[in-house]
Amino acid sequence: MTNVLLEEVLIGAIANNLDGLRHVAVGAASPIPGAAALLARSRSNGTMRVSVLGSEDNNFFTDGGKEIFDVAGQGRMDAFFLSGAQIDGKANVNLVAVGDYAQPKARFPGSFGSGYLYFVVPRVILFRLEHTPRTLVEEVDFISAPGFSDDNVYRPGGPYKLITDRCLFDVDKERRCFRLESVHPGHTVEEIHIQTGFKFDLPDGEVPVTPVPDAASLATIRGEVAKEISEIYPAFAARVFGVGKAA
Amino acid sequence: MTNVLLEEVLIGAIANNLDGLRHVAVGAASPIPGAAALLARSRSNGTMRVSVLGSEDNNFFTDGGKEIFDVAGQGRMDAFFLSGAQIDGKANVNLVAVGDYAQPKARFPGSFGSGYLYFVVPRVILFRLEHTPRTLVEEVDFISAPGFSDDNVYRPGGPYKLITDRCLFDVDKERRCFRLESVHPGHTVEEIHIQTGFKFDLPDGEVPVTPVPDAASLATIRGEVAKEISEIYPAFAARVFGVGKAA
Amino acid sequence: MLATQLSVDDLVSCIPDGAKIALPPDYSYCALAAVRALIRRGARDLHIVGVPTFGFQGDMLIGAGCVATVETSAVTLSEHGLAPRFTKAIKEASIKMMDATCPAVHAALQASEKGIPFIPLRGLVGSDILANRSDWKVGNNPFAESDDPIVYLPALRPDVALIHAPLADKFGNVWIGVRRELMLMAHASAETYVTAEKIVDYNLMGDLKTKAGTIPGLYVSAIAEAENGAWPLGIPDGYGADHPHLAKYAADARSDQGFQRYMEQFVFGSAAQAAE
Amino acid sequence: MLATQLSVDDLVSCIPDGAKIALPPDYSYCALAAVRALIRRGARDLHIVGVPTFGFQGDMLIGAGCVATVETSAVTLSEHGLAPRFTKAIKEASIKMMDATCPAVHAALQASEKGIPFIPLRGLVGSDILANRSDWKVGNNPFAESDDPIVYLPALRPDVALIHAPLADKFGNVWIGVRRELMLMAHASAETYVTAEKIVDYNLMGDLKTKAGTIPGLYVSAIAEAENGAWPLGIPDGYGADHPHLAKYAADARSDQGFQRYMEQFVFGSAAQAAE
């Protein structure tokens, strides 16, 4: 991995799943997905839009808080990112509570738009930087949004990938489970098995290593993406890229 | 009637049915209802709003064409005016066609908002300046909006009065018909019977004459109302009040 | 992202025959230059939707034989009276008519805007509007304790919204101020084509004051500059309607010959085209 | 028509105990001076609705014992972490929680805005959000050819919308620019109470540019001038949030004693009141 940072690997791996899309939306407080979207936009030759939800800046909406959800409902949003306090092997996402819902052990902010966006956005990329049996569980305690739905349920959207600090999973919509796609440089398949609370499929043959961004992409990440992301996430940009906020 | 004009009688009679309301809306191309609303507003001590539909000016809405209907649906509009190519004895209103709907003898612009507003605005005042058997008919050829509804139909609104160039009718919601309330100065009950295509009830005792506006109201009509209405309906104001548009 | 900028003629060439086109009423921002170009290109079988009514532009399209279906709450030339070509087509039953009521058009567009398959609306029960709309249904309010019939309107998703605006920018952002039914049309339609008095180089979204009345470029498929593009209608806070011309149209269009003469003179004539 | 102008304390005295109050998220225009006044007047049993989420203001109200029910898609202090008083109340089950998802809050408010009894929404089927909302129903899409379950949301009509704005006028018109969820809240609620940085004598509806981002006075029950009224939150295009103060709150509010100390110092203290 020499001098390529984990963050840069993640940014590159996510961006590879966004190329060719017209509109990618990113939630607030998501610097790595945000940087990945900006990288993909930079490679799109001016054909991709990126919008940031739940932020007063960096959005091009003019019809109030509802508009971004209306945009998604109309099919005008191609990709979005979801995280979860828990994510389980059926791609269910929990943003609400651990333990009994009525009197929980832990309570998180809430489901935000997940209960809707997960159904209508074609490529929902699950993103969780803590890859442990505590977060990637066999069964979530509360389903903010289910990973899969019965055939009679309107569902143009759903999970597309799951990316963590250790690896990248693909989604098998037929078998309704995750399949390990690649392991990030420096990590092992055995470690993934130990650190994952749910069962997952393996690819045929050897499990690939997640590719590091090519030189051109790396230059873009460290150049224009770092600069742009520093306007939204100054602390992140300073820590990862050593970029200061413009005076 | 000495020197009080029919228009002034109508304006006064309508305004008497608006006093105490908070929000009166008037359709476009409705100078007499518009003037009546302005008179009522002038008498309201600053508690009544008047808005004009379908006009680019004279409205205080900022959420597009839908807002006025949303306002009505929420119960924030107390009175509105409807006319009709035909109005029948059950207060049904026809703004669409005479003859067969599929290939009519006469076609009018269409129902506009009547199919909705008649249901949700508590005081809908029907207004028709041509009082003949051709317009006030036994049964309309097309129901843009029905006068009455079955008990299970959500209907906070409906017909409140019918005013014509000859008389004023009250509405009997129980018996679902009109009752003659008063005859305008210079007209007779016999004439009303001849010129009305539907059956209607009579009040107990003598039929009153529609009162002419009192001196204060007449002064307001000819003064501030004439001036304000001339900004919306200059031709009407010039003809009736001899008021010119401000240079 | 830069907008696709076209000439008015190229803009309307993007609108296919048979398209369902949403049009605003005469008192809003109407793209008359584009409508004339649409007639010149010989558009056919259009389904025109008045949001919630239309006037002059729709009457011209009907008279020119471009229209198969009319869906609207009213057709009117306002102070210039009934729309003559519409009236004739209805009497001859040469177009399919879908009568509506204003809030139903808005609500059905809002359903499309939200990506919901239908929206309920009060009113209409017992009307002949409803009786003649086989595409609408009456259901029950599921939250009522007893029988409570309510109309269910399917989402209305036009193929095209065709509008004019006082101002657009090179990013395809379009300022429409308080005329937010134009924003609703753009949100609800698959494609939005816009003519604008002026296309500026700065970003209309850059100032919160103008941003508040701006349709984002996200919804706008292509724009064309068309100075005086609403003529003979006016635009709010811009130029007034050309009432003598509208009166002339209303008179001419009463007869087939008069309408043809008007078309020759103001739509097809080389002088007319040069003036666009 | 002139608006009713009150002091902030008199404004919140119009909000009765038990009221269902719609509140915007921290990044919008929040009426913090009014929220502090509401706590001072000892409001009880409030049902607070996040549109679609809330943060600092709601956490304070919960901590101060003003709240019986929370209806929202999330509660967050954003970069300052979890909302401590909310978290404690949930763990102790001392408030009734109604979890939602953002578009459901918006859609249910739109139903109220339109005067329709319910609105359908995609998504949610199979979630525990839905499973725990006995006030929502699953119906069928009446326009589908086969089975097509869809959630029916009842109209959400708050008793009160409580918002702050950069500018209002003496007629009660309130400029909110692109923050149109505040306009939706005002349309959907029975009463709207507004604090504004400044109340001007001219008419905000007089210029189409400002009119496009203005809530008409029709919806506004009363207004109060409150300079810096969003503090310690900021207002877009105005002043920034006071992040050191927010961080202090987030730290203080982790303990009962810390929260009480914060309340004494910044809500009840005579210095605090004098500063409003």
Side-chain angles (χ1 to χ4, degrees), chain B residues 28-29 53-57 59-70 72-73 92-97 99-121 140-157 233 235, chain C residues 24-25 27-28 50-53 55 72-79 82-83 86-88 90-93 97 99-107 109-110 121-132 141 144 146-150 176-184 213 234 236-237:
Chain B
L53 277 75
S55 154
E56 69 265 44
D57 306 319
N59 82 50
F60 42 80
F61 300 110
T62 60
D63 204 18
K66 76 184 184 62
E67 187 176 5
I68 187 76
F69 302 104
D70 289 354
N92 295 312
V93 168
N94 174 11
L95 287 153
V96 168
D100 176 30
Y101 174 63
Q103 205 159 351
K105 272 188 289 188
R107 168 77 205 199
F108 306 102
S111 302
F112 290 98
S114 65
Y116 179 77
L117 294 173
Y118 208 23
F119 287 79
V120 297
V121 178
V140 295
D141 291 351
F142 183 99
I143 300 176
S144 286
F148 302 97
S149 298
D150 292 343
D151 285 348
N152 63 338
V153 174
Y154 177 85
R155 183 133 200 199
Y233 304 106
Chain C
Y27 55 77
S28 189
V51 183
T53 68
T72 189
S73 304
V75 183
T76 171
L77 303 186
S78 299
E79 62 200 271
L82 295 174
F86 164 73
T87 308
K88 177 171 189 280
I90 288 288
K91 286 187 176 180
E92 292 176 352
M97 183 66 204
D99 269 289
T101 187
C102 302
V105 177
H106 294 301
L109 288 172
Q110 283 186 278
L121 189 73
R122 290 300 190 185
L124 283 167
V125 177
S127 73
D128 285 331
I129 303 172
L130 177 63
N132 286 281
N141 168 12
S146 57
D147 183 38
D148 180 10
I150 186 166
I176 47 84
V178 294
R179 299 251 58 109
R180 291 186 79 90
E181 62 276 8
L182 302 182
M183 190 177 290
L184 173 58
D237 246 23

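Just so it is clear: chains get the letters A, B, ... in the order the sequence lines come, proteins before strands, and each one is counted from 1.
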Quick one: what part of C:Asn141 sits under 4.5 Å from any heavy atom of chain B, side chain, backbone, both or neither?
-> neither

List the steps, then state whether side chain to side chain contact (heavy atoms under 4.5 Å, CB included) holds for B:Phe142 with C:Ile129.
-> CA-CA 8 Å; B:Phe142 183 99; C:Ile129 303 172; 4.0 Å; yes

Which region of C:Pro52, side chain (C-beta onward) or backbone (N, CA, C, O), has a non-hydrogen atom less than 4.5 Å from a non-hydrogen atom of chain B, or is it both or neither?
-> neither

Select, from C:Gln110, C:Met97, C:Met183, C:Lys91, the one with the greatest count of heavy-atom pairs under 4.5 Å involving chain B.
-> C:Lys91

Answer yes or no: is there a donor N or O on one side and an acceptor on the other, between the side chain of C:Glu181 and the main chain of C:His106, under 3.5 Å?
-> no

Are any side-chain N or O atoms of B:Asn92 and backbone N or O atoms of B:Gly147, one a donor and one an acceptor, separated by less than 3.5 Å?
-> yes

Interatomic spacing from OH in B:Tyr118 to OG1 in C:Thr101 - rounded to 0.5 Å = 13.5 Å

Just by distance, do the side chain of C:Thr53 and the backbone of C:Val75 share a donor-acceptor pair under 3.5 Å?
-> no

4.5 Å side-chain heavy-atom contact, B:Phe69 and C:Arg122 = no

Taking only residues two or more places apart in sequence or in another chain, which ones pass side-chain hydrogen bond (donor to acceptor under 3.5 Å, both in side chains) with B:Ser114?
-> none

Output the option from B:Val140, B:Val93, B:Val120, B:Asp63 having the highest count of non-hydrogen pairs under 4.5 Å with chain C.
-> B:Asp63

Comparing C:Thr76, C:Leu77, C:Asn132, C:Thr87 against chain B, the one with the most heavy-atom pairs below 4.5 Å turns out to be C:Asn132

Output the option from B:Lys105, B:Gln103, B:Glu67 having the highest count of non-hydrogen pairs under 4.5 Å with chain C.
-> B:Gln103

Chain C: which of B:Pro109, B:Gly64, B:Gly110 shares the most heavy-atom pairs with it under 4.5 Å?
-> B:Pro109

State, yes or no, whether a side-chain contact exists between C:Val178 and B:Phe61 at a heavy-atom distance under 4.5 Å.
-> no

If one checks every heavy atom of C:Ile150 against chain B at 4.5 Å, the contacting part turns out to be neither

Where on C:Glu92 is there a heavy atom nearer than 4.5 Å to chain B: the side chain, the backbone, both, or neither?
-> backbone

Can you tell me if B:Tyr101 and C:Asp99 form a side-chain donor-acceptor pair at under 3.5 Å?
-> yes

Heavy-atom distance under 4.5 Å to chain B: side chain of C:Ala100, backbone, both or neither?
-> backbone

Considering only heavy atoms, which portion of B:Ala235 lies under 4.5 Å from any heavy atom of chain C: side chain, backbone, both, or neither?
-> neither

Pick from C:Val51, C:Val125, C:Leu121 with the largest number of heavy-atom pairs that fall under 4.5 Å of chain B | C:Val125

Contact leader toward chain B among C:Leu130, C:Thr72, C:Ile90, C:Leu184, where contacts are heavy-atom pairs under 4.5 Å | C:Ile90

Winner by heavy-atom pair count (cut-off under 4.5 Å) against chain B, out of C:Gly126, C:Ser127, C:Pro103 | C:Pro103

Would you mind listing every salt bridge (Lys or Arg N to Asp or Glu O under 4.0 Å) that reaches into residues 147-156 of chain B, with sequence neighbours excluded?
-> none

So which of B:Pro146, B:Gly73, B:Ala145, B:Gly99 has the biggest tally of heavy-atom pairs under 4.5 Å with chain C?
-> B:Pro146

Would you say B:Asn94's side chain and B:Ala97's backbone share a donor-acceptor pair under 3.5 angstrom?
-> yes

With respect to chain B, which residue among C:Ala131, C:Cys102, C:Ser146, C:Ser78 yields the maximal number of heavy-atom pairs within a distance under 4.5 Å?
-> C:Cys102

Which portion of C:Leu82 sits near chain B, non-hydrogen atoms under 4.5 angstrom = side chain

